[in-house]
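Below: the structure, in structure tokens.
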2 protein chains.
Amino acid sequence: MKIICGQKELLKGIQIASKAVTPKSSDPNMECIVIDTKNNDIRLVANNMELGIETIISGEIIENNSVDRIELTANLFQNIIKSLPDTNITIEYNSGSKATISDSSDRKFEINVTSADEFPFPTKLNKSNPIEISQLALKTAIGQTSFAASKNGNGDMMTGESFKIVAPSTLRLSALNGHRIAIRNVTLDKEYENSSIIIPAKSMDDIASILSTDDDKKVSVYIGANSAMFEFDDTTIISRLIEGKYFNVEQMLSDDYETHIIVDKQSIASCIQRTKLVVSDSEKRPVILNVTDGNVLITMNGSKGKFEENLEIEKNGKDIEIGFNPDYLISTFNAITDEKVEMYFINSKAPCFIKDANEVYIYLILPININVN
Amino acid sequence: MKIICGQKELLKGIQIASKAVTPKSSDPNMECIVIDTKNNDIRLVANNMELGIETIISGEIIENNSVDRIELTANLFQNIIKSLPDTNITIEYNSGSKATISDSSDRKFEINVTSADEFPFPTKLNKSNPIEISQLALKTAIGQTSFAASKNGNGDMMTGESFKIVAPSTLRLSALNGHRIAIRNVTLDKEYENSSIIIPAKSMDDIASILSTDDDKKVSVYIGANSAMFEFDDTTIISRLIEGKYFNVEQMLSDDYETHIIVDKQSIASCIQRTKLVVSDSEKRPVILNVTDGNVLITMNGSKGKFEENLEIEKNGKDIEIGFNPDYLISTFNAITDEKVEMYFINSKAPCFIKDANEVYIYLILPININVN
């Protein structure tokens, strides 16, 4: 194998493929990226068994007769390419399982590589009946929901994100842990049949990080029995699915509320952030919202001191005093781009809803019982 | 005590005083900043026994009759002030060892403070016979030398930086560890008597970080038996001295060399940086410079692979092959702002010198014996 690529193109490809690399693994294949010239294009491939990524980069194949696939340690490969200026870079396989990486200046790296005979190339799905979504819309919707999934528990359903066609042309993403739910509805251009899968939230985050912010570009999603395939630009991503039937999120929603407030999003987000200053890291203390006409008094009582702040609000319904884990409020407000947010309270023991008028997004957060403390 | 200050002014003062705070100490005083209104100005004071800092900030003292000095945890104090917008901030001591910090909006922190009765206020020196230096010149000279001091060994002379009047109007800063020396000469505006002290290199770095980059501003240095005092702007810094007689650095310098090269600084700095890619973190491998007419071949042979690069040079004298710890070359080149650097070699076992024509800076680096490996 001998190829020539631009440094920027190569680095972009490595950064995409690296999302499917596990840096410290007992299986060396998972730490690697394969350069594959078998099909007369230059593919970078990585697969950590949760996520497989293949991306095609532009460049010239000078020779691919003898060895057409080589496997390199992803981290070293990326660091080397990063260290080189934006010129043409030649990668050449030598005998003795060595490859040289050189640029047009007088510098040369020689590193160990292996043939990719043992590499677990990701299994692609048949390309039929894709769901098509704008890359920007999917990227945004993932960013606004996946944070709510549980971070612990390998293969646990709560570590997944539900990807579900709920109406012929509405995709609903939802993620939850035991204390909150995040839902985002995306309107699609076409109608699709019902389908419902669970994708690991970590895979969704990795996919979102590769998707472009260009609203005119589409991503095609193919759904298989055990995996889903995302195809866009020159990249194909295959994610393992989590098996099982997802929680009935719709059943947890309610239209019944006693209190409704509208508050400036930035003001409440930075206020809740400030409450954390008087709490030490290990301490779990609720932030308390005391809602009265035109005003919410937000207080925190921590081991380092006390904090209070008053915010102006628009209010309908009853007064209420209710406590929350401040981190859940902060991550929710951070996911919302609206200037104002609307919060709906039932009572101090029932979930609070934060949602927009059209229910494009719906967040549900369980309160903390403040009378017990 | 009750004071009102602008948020920016307060934060600037806290950041200056924090350089003399030890965040995790067995003595709570060392984690604190004192607000001192005793002399009818607002002083922020910190002291970790190596370094003491006092800085005066502008603001209004509303009341200082009962308690005129209060002690606050520096980290919490800084985080609170950082979290507030750029408005006027009121700090008020309450009974029961509490202080409230509030801003003009409707928000308020209440935190624990102590009276500063037990606080070790730094001992100031008599203000006589200061050495006067431009703040920029001192800041630059520290940045170009202190990195060469030893990082380990509490109170060890090698962890100090020599601050010495070597000619009536030349200040020489030097720092060294067992493998290298960094020297920087600063021309002073006036003539001074001989003096020579050793200041902890860490203190010098902290002082440098507070000094301004304004060449027209001066800093006055007062030298005492056990400490040195730096006075500039509204800040006074007192550093402990390291006792003893510093190494005779001059004796280690030499004018004798067999090879002299001139090389582009940026090219060689980034080349040496690249050599580190093929070496794992724990591995100590020399970078080898092979100097011939018009060319230096730079190679590294590490556990991850091999690297080589050729750089153009101007050369006088003999060919030479010599090995170095790459980190020592990198930190030296990073400290030099010249576009070209000049290197002087005696032989492959003797120190190499990197210096400018006027010897404003002189760096000496011991080679690694590459024939032993």
Side-chain angles (χ1 to χ4, degrees), chain A residues 31 72-73 75-85 94 96-113 264 266-281 294-313, chain B residues 31 72-73 75-85 94 96-113 264 266-281 294-313:
Chain A
E31 300 180 9
L72 308 83
T73 308
N75 190 36
L76 178 60
F77 188 24
Q78 176 159 346
N79 285 339
I80 287 175
I81 302 306
K82 246 191 206 162
S83 84
L84 296 173
N94 308 336
S97 291
K98 304 271 183 196
T100 50
I101 301 177
S102 53
D103 73 357
S104 38
S105 282
D106 220 358
R107 54 180 79 99
K108 190 168 82 185
F109 289 90
E110 186 181 74
I111 59 171
N112 291 326
V113 296
D264 181 71
Q266 195 47 56
S267 299
I268 192 164
S270 57
C271 170
I272 306 289
Q273 194 71 56
R274 268 189 286 272
T275 69
K276 291 193 66 186
L277 294 175
V278 298
V279 182
S280 66
D281 286 345
N295 187 72
V296 55
L297 171 66
I298 297 175
T299 53
M300 173 65 90
N301 193 347
S303 61
K304 297 185 188 172
K306 291 179 188 174
F307 172 76
E308 61 177 58
E309 180 166 353
N310 280 294
L311 293 178
E312 270 183 32
I313 55 171
Chain B
E31 300 180 8
L72 308 83
T73 308
N75 190 38
L76 178 60
F77 188 24
Q78 175 159 346
N79 286 338
I80 287 175
I81 302 307
K82 246 191 206 162
S83 84
L84 296 173
N94 308 337
S97 290
K98 305 271 182 195
T100 50
I101 301 176
S102 53
D103 73 356
S104 38
S105 283
D106 220 359
R107 54 180 78 100
K108 190 169 82 185
F109 289 90
E110 185 180 76
I111 59 170
N112 292 326
V113 297
D264 181 71
Q266 195 48 55
S267 299
I268 191 163
S270 57
C271 170
I272 306 290
Q273 194 72 56
R274 269 188 286 273
T275 68
K276 290 193 67 185
L277 294 175
V278 297
V279 182
S280 66
D281 286 343
N295 187 72
V296 55
L297 170 66
I298 297 175
T299 54
M300 173 65 89
N301 193 348
S303 60
K304 297 185 188 173
K306 290 180 189 174
F307 172 76
E308 61 177 58
E309 179 166 353
N310 279 293
L311 293 178
E312 270 183 31
I313 55 171

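- B/Q273 CD to A/S83 OG: the interatomic distance, rounded to the nearest 0.5 Å, is 9.0 Å.
- By the salt bridge (charged side-chain N to carboxylate O under 4.0 Å, His left out) test, B/K276 pairs with B/D327, sequence neighbours left out.
- For the set B/I111, B/I80, B/L277, the entry with the most heavy-atom pairs within less than 4.5 Å of chain A is B/L277.
- Between the OG atom of B/S280 and the CG atom of A/L76 there is a distance of 11.0 Å, given to the nearest 0.5 Å.
- The side-chain contact (heavy atoms from CB on, under 4.5 Å) check on A/S97 picks up A/Y93, with sequence neighbours excluded.
- To the nearest 0.5 Å, the span separating NZ on B/K306 from CD on A/E110 amounts to 5.0 Å.
- Considering CZ of B/F109 and OG1 of A/T275, their distance stands at 8.5 Å, rounded to 0.5 Å.
- Applying side chain to side chain contact (heavy atoms under 4.5 Å, CB included) to A/D106 and the options B/N310, B/L311, B/N295 leaves one that passes, B/N310.
- Contact between A/L84 and B/R274 at its shortest, heavy atoms only, is CD2-CD, 4.1 Å.
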